Asker: 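Got a structure for you, questions after.
Quick note: numbers below take in every heavy atom, side chains included, and nothing from hydrogens, waters or symmetry partners. Order of appearance sets the numbers: ligands from 1, and atoms from 1 within every ligand. Quick caveat, the model's predicted, so the values are computed rather than measured.
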Amino acid sequence: MTTREERQKAIIHAGYNTFLLRSRDVYVDLLTDSGTSAMSDRQWSGMMLGDESYAGSENFYHLEAAIQKYYGYRYIVPTHQGRGAENIISKIMIKPGDIVPGNMYFTTTRLHQELAGGTFVDIIIDEAHDSQSEHPFKGNVNLEKLESLIKVYGAKKIPYISLATSVNMAGGQPISLENIRGLRKLTHQYGIKIIHDMTRVAENAYFIKMRETGYRNKSIRSIVKEICSLTDGATMSAKKDALVNIGGFLALNDKSLYEEASNLVVIYEGLHTYGGLAGRDMEAMAIGITESVDDNHIRARVGQVEYLGNKLLDAKIPIVKPIGGHGIFLDAKKFVPHLKQIQFPAQSLAAEIYLDSGVRTMERGIVSAGRNKDTDDHYYPELELVRLTIPRRVYTQAHMDVVAESVQEVFTNRKKIKGLKMVYEPKYLRFFQARFQKIK
Ligand code: P61
């Protein structure tokens, strides 16, 4: 624990960017659920069985078997984390001038698509951009938007649909199986592939179980498999759902695409049977995948997020509704309406929460959205959010109580919160390293 004076120094030193804080200065760390979950006794036992052979490690085959069994994809290429897989798939499939439609952008995913010469186009339903819409599947694709895009550009210009389950930037919002089926049908007509960002697929499956007609008695495991069966391949950051501190993969059903991927991976990650990971990491991932599709685990995980969300709703704090799968997202436009978006309201609010209690959160608004690659102007996203992300199997409800109290305290004093100006802006993924000063 730290004093307010210590936190004041720390946040100024960090340029009002929670990514630049030292973890020793943080009390409850809700920056991300990425790589921050606790591994189980079984996973740790698996770490002891690392086969650290350069080629053909036993652990690779365990991982491959787990992916085939639980997700159903045929070929896999391990990578050090999700963006390693995004780099490879983008390089293989996207040509300069291509259009990549997707259900809301994700920072690293869009950047790799752009670096490969593509342009991302958002085809998520409009409700996803409205924090107060209670649509049960705000991750859904607007199929009419997609079809008119295909008509304008032609199917040849669209290498694949970038389809995320549990849409992160929308607030961890799910897509329904009905919508994925509709998308599959439409893409089949035009011969377009679907590449699934399956980083939080099990959390999405939980919402399908709870909200979609006909799924209440289905297991998470079977829902996950059904989702994957409707897509052609996937990128995975196993640091989330799959409960590991490091790891990811690219999965594909098409053999020739797999062959290209397994050739590229040796340039950027490592041999195709380790992809930048130690044997022990692959073993932990194989076991983590198995644990991630357990109904009881996923209910407890999403249940903890709901616990915090309901506390904030009871206190009339403006958050994204419905409550998502991996965190609570504060609506900064409603929380600090006196700040203009160019004064970085969510960035400022995240700094203020840290100052109040040492709780670390993350900006998900104008800073994260970055600049338009063609015009170089800031994007002004509808959603200006602060994400309180819950790691899996780490915190207790008592920690959630502390967090809720702190957010309420900051809410009470919200009128005093000042805006920020950006004083350092890196070229790529600026939110990680940008620095700010308080506007006097
Ligand atoms: C996160 F602020 N997410 O949510 P990698 N797809 C999806 C992700 O959520 C994801 C990746 C791909 C992080 C870490 C992070 O703007 C940020 O294993 C849906 O991180 O390479 C990662 O997977 C990339 C935080 C990433 C960010 C980018 O906290």
Asker: Can you report which non-hydrogen protein atom sits closest to atom 11 (C) of ligand 1, along with the distance?
Answerer: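 Residue, atom and distance for the closest contact: F106 CE2, 3.5 Å.
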
Asker: Looking at ligand 1, does any of its N/O atoms fall within less than 3.5 Å of an N/O of T108?
Answerer: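 It does not: no N or O of T108 is found under 3.5 Å from an N or O of ligand 1.
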
Asker: I'd like to know if R430 pairs up with E425 as an ion pair, taking the criterion as any Lys NZ or Arg NE/NH1/NH2 lying under 4.0 Å from an Asp or Glu carboxylate oxygen.
Answerer: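 E425 and R430: salt-bridged.
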
Asker: With no hydrogens and no angle check, is any side-chain donor or acceptor of K209 less than 3.5 Å from a backbone partner on K218?
Answerer: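 Side chain of K209 to backbone of K218: a pair is present.
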
Asker: I'd like to know if the side chain of Q173 and the backbone of P322 have a donor-acceptor N/O pair within less than 3.5 Å.
Answerer: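 Yes, Q173 side chain to P322 backbone: donor-acceptor pair under 3.5 Å.
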
Asker: Suppose we measure from atom 6 (N) of ligand 1 to each protein heavy atom; which comes out shortest, and what is that distance?
Answerer: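 Checked against all protein heavy atoms, atom 6 (N) of ligand 1 sits closest to D197 OD2, 2.7 Å.
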
Asker: Is the shortest distance from a Lys or Arg side-chain nitrogen in R184 or D232 to a carboxylate oxygen in the other one below 4.0 Å?
Answerer: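 Yes, R184 and D232 are salt-bridged.
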
Asker: May I ask you to say whether E291 pairs ionically with R392, meaning some side-chain N is under 4.0 Å from a carboxylate O?
Answerer: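 No, no charged N to carboxylate O under 4.0 Å.
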
Asker: Please check whether T109 reaches ligand 1 - meaning an N/O of the residue sits under 3.5 Å from an N/O of the ligand, judged on distance alone.
Answerer: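 By distance alone, the answer is no.
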
Asker: Keeping Q304 on the side-chain end and Y395 on the backbone end, is there a donor-acceptor pair under 3.5 Å?
Answerer: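 Here the side-chain-to-backbone pair exists.
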
Asker: Against heavy atoms of F19, which atoms of ligand 1 measure under 4.0 Å?
Answerer: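 The atoms of ligand 1 under 4.0 Å from a heavy atom of F19 are 2 (F).
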
Asker: Salt bridge check, K418 against E352: does any charged N sit closer than 4.0 Å to a carboxylate O?
Answerer: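 K418 and E352: not salt-bridged.
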
Asker: Between ligand 1 and N168, is the shortest N or O to N or O distance under 3.5 Å?
Answerer: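 Yes, N168 has an N/O under 3.5 Å of an N/O on ligand 1.
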
Asker: Which residue from V167, T107, L111, L429 reaches closest to atom 16 (O) of ligand 1 through any of its heavy atoms?
Answerer: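 Selected option, by shortest heavy-atom distance: T107.
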
Asker: Any idea which protein heavy atom is nearest atom 15 (C) of ligand 1, and the distance to it?
Answerer: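 Going atom by atom, the protein heavy atom closest to atom 15 (C) of ligand 1 ends up being R83 NH2, 4.1 Å.
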
Asker: What is the ring orientation for F344 with F436, classed by angle as parallel under 30°, tilted 30 to 60°, or perpendicular over 60°?
Answerer: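 F344 and F436: perpendicular rings.
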
Asker: Measure the distance from atom 12 (C) of ligand 1 to every protein heavy atom, then report the residue, atom name and distance (to 0.1 Å) of the closest one.
Answerer: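 Its nearest protein heavy-atom neighbour is E86 OE2, 3.1 Å.
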
Asker: Does ligand 1 come near enough to L31 that some N or O of the ligand is less than 3.5 Å from an N or O of the residue?
Answerer: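 No: no nitrogen or oxygen of L31 is under 3.5 Å from one in ligand 1.
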
Asker: What class does the angle between the rings of H378 and Y380 fall in, given that below 30° is parallel, 30 to 60° is tilted and above 60° is perpendicular?
Answerer: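 Taking Y380 first and then H378, their aromatic rings stand perpendicular (interplane angle over 60°).
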
Asker: To the nearest 0.1 Å, how far is atom 14 (C) of ligand 1 from its closest protein heavy atom, and which atom is that?
Answerer: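 Heavy-atom neighbour on the protein nearest atom 14 (C) of ligand 1: K240 NZ, 3.7 Å.
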
Asker: At what distance is the nearest protein heavy atom to atom 23 (O) of ligand 1, and which residue and atom is it?
Answerer: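 It is S237 CB, 3.3 Å.
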
Asker: Given M362, R387, R364, which has its nearest heavy atom closest to atom 1 (C) of ligand 1?
Answerer: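 Heavy atom nearest to atom 1 (C) of ligand 1 belongs to R387.
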
Asker: How far is atom 5 (P) of ligand 1 from its nearest protein heavy atom, and which residue and atom is that?
Answerer: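 Minimum-distance protein heavy atom for atom 5 (P) of ligand 1 reads Q81 NE2, 3.3 Å.
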
Asker: Which of the numbered atoms in ligand 1 are under 4.0 angstrom from any heavy atom belonging to G82?
Answerer: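 This gives 5 (P), 18 (O), 21 (O), 23 (O) as the contact atoms.
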
Asker: Hey, which atoms in ligand 1 end up nearer than 4.0 Å to a heavy atom of K239?
Answerer: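 Result: 18 (O).
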
Asker: Would you say the ring centers of F60 and Y274 fall short of 6.0 Å from each other?
Answerer: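 Distance test on ring centres: not under 6.0 Å, no.
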
Asker: Considering only protein heavy atoms, which is closest to atom 29 (O) of ligand 1, and at what distance to one decimal place?
Answerer: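 In this structure, atom 29 (O) of ligand 1 has T32 OG1, 2.6 Å as its nearest protein heavy atom.
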
Asker: Going by an N to O cut-off under 4.0 Å, is there a salt bridge joining D126 and K145?
Answerer: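 A salt bridge is present here (some side-chain N lies under 4.0 Å from a carboxylate O).
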
